Amino acid sequence: MTKKILMICLGNICRSPIAEVVMVDVLAKVKVDGVVVDSAALGSWHVGNRADHRALSTLQHHGLKSTHIVRQIKKQDFNEFDYIFGMDEENMSELRRLAPKGSKAELLMLGDFGLSKDNRIIEDPYYQKGAEGFETAYQQCVAACTAFVNQRLLK
Ligand code: 4NP
């Protein structure tokens, strides 16, 4: 059965578009078909924009590309998607607050898969100087998406 995964962060221009592209790449590498992956923002600031240029160049550096256009999360997402991933604790409390009662989606923090306890938060790199934080987020996403797919989709 088709599974649907939604990657969430605050702005949908840094972490979640990276996580979306990485999840698609990991699924392709392990030959899991039929999983739909999307991303969205908690906030509305960047709706209609593409990812931050540092996110795009980080992905490009790894041979990947995002064509995602920012959208804001909506109530229906909680019943349409099977898994909704946040990047940090603030994302998770906002997701729990927004989730309609009894909705289908499992709310998970991405870094709870495959990352050590002191590295499980995927920090917001937006206000950091340069692109180093984007590379860190990318590496965290690779480890976490790989672990999630192995633990939850390949069983
Ligand atoms: P993201 O980073 O949540 O990883 O996309 C941010 C991007 C923009 C803003 C905050 C976080 N902002 O406040 O505009």
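Please read these numbers as outputs of a predicted model, since none were measured by experiment. Start at 1 and go down the list; that is how both ligands and their atoms are numbered.
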Protein heavy atom at shortest distance from atom 1 (P) of ligand 1: Cys9 SG, 3.4 Å
To the nearest 0.5 angstrom, please state how far the SG atom of Cys14 sits from the CD atom of Gln128. 9.5 Å
Among all protein heavy atoms, pick out the one at the shortest distance from atom 11 (C) of ligand 1; state its residue, atom name and that distance to 0.1 Å. Asp124 OD2, 2.9 Å
Do Lys104 and Asp77 meet the salt-bridge criterion of a basic N to acidic O distance under 4.0 Å? no
In this structure, which one of Lys75, Lys74, Lys4, Lys3 forms a salt bridge (charged side-chain N to carboxylate O under 4.0 Å, His left out) with Glu80? Lys4
Identify, by atom number and element, the atoms of ligand 1 in contact range of Cys14, meaning under 4.0 Å from any of its heavy atoms. 1 (P), 2 (O), 4 (O), 5 (O)
Does any N or O of ligand 1 fall below 3.5 Å from an N or O anywhere on Pro125, backbone included? no
For ligand 1, which atoms have a heavy atom of Leu10 less than 4.0 angstrom away? 3 (O), 10 (C), 11 (C)
Within-4.5 Å side-chain heavy-atom neighbours: Val149 and Leu27: yes
Does the side chain of Phe113 come within less than 4.5 Å of Thr146's, by heavy atoms? no
If you round to the nearest 0.5 Å, how far is CG of Asp52 from OG of Ser66? 11.0 Å
Which residue supplies the protein heavy atom nearest to atom 14 (O) of ligand 1, what is that atom called, and how far is it? His46 NE2, 2.8 Å
Inspect the contact between Glu89 and Arg120 and indicate whether a charged nitrogen and a carboxylate oxygen are less than 4.0 angstrom apart. yes
Between Asp52 and ligand 1, find which residue part has any heavy-atom pair under 4.0 Å and reply side chain, backbone, both or neither. neither
Atom indices of ligand 1, in the order listed, that fall short of 4.0 Å to a heavy atom of Ile13: 5 (O), 7 (C), 8 (C)
Side chain, backbone, both or neither: the part of Tyr127 lying under 4.0 Å from ligand 1 by heavy atom: side chain
For atom 4 (O) of ligand 1, find the nearest protein heavy atom and state the residue, atom name and distance (0.1 Å precision). Arg15 NE, 2.8 Å
Under 3.5 Å, N or O to N or O, is Tyr126 touching ligand 1 that way? no
Scanning both residues in full, the closest heavy-atom pair of Arg15 with Ile122 reads NH1-O, 2.9 Å
